[in-house]
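One structure below.
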Amino acid sequence: MINKKFNEKLKYKFAFFCRKDYLYIKKILFFVKPYKYLFIATFIIIITGIALSLIQPLLWGKILSSLFMKNYDQSFVYTLFFFVVFAFQALLSYIQGYSSTNLINKVIYDLKNKLYKKILNMPVKYFDEMGTGDFVSRIHNDTSVVSFVIMNLFINTAVDILKIFVVGITVFNINALLASIVILGFPFSYLIFKKYSILLREKNNKILSLTDDYLSKLNESICGIRDIKAIGLKNIDFRIFSSLSLEIRNNNIELNILSNTAQTATQAFNYLSQLLLILIGGYFVCKETLSIEYFVAFFSYSSIFNNSLLNLTKVNSSLQQVFSSSRRIFELIDNSIYQEEEFGDNEIEQVVGKIKFEEVKFEYMSSLPVLRGITFEIPCNKTIAIVGNSGSGKSTILNLLLRFYDPLSGAIYIDDINIKDLTENKLRKNISIVRQNPMLFNKSIKDNLMEVNPNATEDEMLESCKLACIHDFIMTLPQKYETYIGENGVLLSIGQKQRIAIARAILKKSKIILFDEATSSLDNNLQSYINTAIKKISKNHTVIIVAHKLSAIIEADEIFVLDQGVICDSGKHEFLIQHNSLYNKMFKLEAELLIKNGSSEKTKEEILYDFNGSTTKTLESGNC
Ligand SMILES: Nc1ncnc2c1ncn2[C@@H]1O[C@H](COP(=O)(O)OP(=O)(O)OP(=O)(O)O)[C@@H](O)[C@H]1O
């Protein structure tokens with residue numbers, strides 16, 4: 001019972017270093033494990049260095065006392081000995097610097113890789129919830145902070161505790177009264193340590209969260225710099241950035257003040273105890289109860305003792321930062337709040353490309369349904385278009401097929417296999433998506449293309465570019481396929497990026513190709529080329545096109561009309577124009593615009609024919 005009470009008390013006293021923190025330290029140790037020999041070697045080198053540094057005060061005392069006694073030969077021998085010790089210590093310090101840097105960087109490298117892999121395997125919904133800055137900060141900053149644990153907690157702190165212990169015994173042996181004065185400083189240092197630890201941790205958490213916002217903001221602004229300038233948001237954007245920076249600055253200053261206050265308070269106690277030491281020690285030397293040799297040694301030892309105590313209080317502030325960072329790292333690594341994507345193990349031999357949605361319901365946010373029970377079937381090698389008003393859920397259908405999200409109910413099948421049962425590789429390798437503003441990497445055009453299929457031949461690459469109507473443009477560039485296209489293809493127009501992305505999808509040789517407003521930036525001339533390309537692709541691919549443009553979908557084998565989360569009608573263009581009011585309305589405006597602007601190569605009659613189908617009858621009513 002007493003024991004239990006004592007333990008409770010102890011738990012309370014050490015609340016600043018709780019069980020969870022201890023677990024984080026253990027988890028970091030797991031990353032150190034592969035380098036245990038390097039870790040042990042570093043530790044031994046440091047301990048040897050300390051042992052040598054502990055000899056120094058004795059040598060100081062010996063040199064001084066032999067000088068006082070005018071024994072110059074002896075003082076010369078001690079001085080020589082001192083230099084040997086010093087040289088050996090310098091050498092050890094050099095080796096230790098090398099081994100600890102090596103150790104820390106290896107652990108950080110492993111930690112970063114592990115974390116990044118986890119992030120890559122996180123479901124897309126978490127990326128919707130968390131800002132970019134959050135991820136960047138966890139990978140870049142938090143992992144580096146953790147290196148502190150290795151050096152300062154595992155090694156330096158252990159060494160400081162050891163020093164306090166060894167030096168403590170030594171000073172007690174020299175003079176118990178003087179040693180008591182030195183030891184007296186410890187409870188004060190400990191109280192400061194405890195008092196400030198909670199405050200420091202809170203401050204660190206605040207700074208980390210502000211840094212996430214700051215990095216997200218920075219990323220958003222730099223990526224959207226063109227829109228910010230064009231919309232005239234420069235000043236507002238700067239104000240937001242500046243206020244975030246200011247908050248981080250103020251919090252950092254406050255953190256520094258807190259940390260300095262803790263250190264200054266400890267230092268004040270140190271100075272006070274040193275003053276007392278000189279006065280009382282000097283009195284003992286005058287009374288000849290303490291030799292000058294031991295007084296000098298004692299003074300040096302007490303300074304080592306105090307420095308180690310001071311180091312412990314310094315560790316405190318960084319330790320709180322380490323705990324905050326460790327929590328953020330292991331939150332992802334342990335999947336404690338974020339689950340990894342789960343896939344099946346069906347390694348289907350050959351995907352044919354048949355797609356089936358069965359009563360699929362989905363919502364991004366609870367009680368805001370986006371899809372309300374979608375059922376359709378697409379035979380292989382067919383071209384399907386999905387149309388509907390903005391926000392009706394067209395892109396969501398593609399996202400579900402790619403398993404970026406899972407349906408709330410219902411199921412999706414590829415070749416009659418539930419996509420949940422397919423392996424990640426089988427699913428994603430067999431589907432390619434071309435988006436409105438496709439993601440391209442800061443590499444050459446060739447590298448961007450070949451990355452999706454490193455086994456493709458040069459001829460296949462050229463063929464896919466010809467099919468996507470981008471080959472002729474690439475050949476006009478000074479370095480042709482070797483041309484670098486900048487970050488996210490910034491050196492290309494959107495239309496050029498879209499066509500490279502189409503070529504990439506063709507080269508990937510997926511059985512299913514999705515076009516999500518992929519040709520929205522192309523003029524009608526290029527659109528007709530792409531239509532021809534899609535026609536060619538569709539001979540042996542299943543193609544789904546999401547588009548608002550009439551010219552992009554008119555030739556599809558079947559068109560699904562999506563309205564308020566359900567497919568309200570389907571059929572060929574000519575049928576829907578006549579029978580579906582929503583479809584009719586959507587494209588009426590476009591047809592009128594084409595005629596008005598003269599932006600189509602087709603004649604007015606041809607456009608009207610496209611719009612009205614084989615009859616000239618105007619539409620009265622439809623299914624939607
Ligand atoms: N990541 C998301 N988180 C929450 N809601 C989302 C998310 N993505 C889309 N939505 C919502 O889901 C609905 C359907 O979006 P979706 O992008 O599928 O529409 P869409 O028909 O493709 O629209 P558009 O034609 O404008 O591209 C919209 O109301 C949208 O606000």
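Only this structure's heavy atoms are used, side chains among them; waters, hydrogens and symmetry mates stay out. Atoms within a ligand are numbered from 1 in the order they appear, just like the ligands themselves.
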Original post:
Side chain of S209, backbone of N205: donor and acceptor closer than 3.5 Å?
Top reply: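 A pair under 3.5 Å: no.
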Original post:
So, the side chain of D415 versus the backbone of K354: is there a donor-acceptor pair under 3.5 Å, distance only?
Top reply: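 Yes; at least one donor-acceptor contact below 3.5 Å.
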Original post:
Of all heavy-atom pairs between L507 and A456, which one has the smallest distance, and what is that distance?
Top reply: CD1-CB, 3.8 Å
Original post:
So which residues, sorted by chain and number, lie with a heavy atom under 4.0 Å of ligand 1?
Top reply: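 Close residues (ligand 1, cut-off 4.0 Å): D128, Y364, M365, V370, N389, S390, G391, S392, G393, K394, S395, T396, Y405, H548.
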Could you list the donor-acceptor pairs under 3.5 angstrom formed by side chains in residues 552-561, with sequence neighbours left out?
{"from": "E555", "atom 1": "OE1", "to": "K535", "atom 2": "NZ", "distance (Å)": "2.6"}
{"from": "D557", "atom 1": "OD2", "to": "T383", "atom 2": "N", "distance (Å)": "2.7"}
{"from": "E558", "atom 1": "OE2", "to": "S570", "atom 2": "OG", "distance (Å)": "3.3"}

**OP:** For the pair K217 and D237, evaluate salt bridge (Lys or Arg N to Asp or Glu O under 4.0 Å) and give the outcome as yes or no after the intermediate values.
**Re:** CA-CA 9 Å; K217 169 75 209 138; D237 188 72; 2.5 Å; yes
**OP:** Could you walk me through whether E202 and K206 pass the salt bridge (Lys or Arg N to Asp or Glu O under 4.0 Å) test, one step at a time?
**Re:** CA-CA 6 Å; E202 279 170 10; K206 178 97 195 278; over 6 Å; no
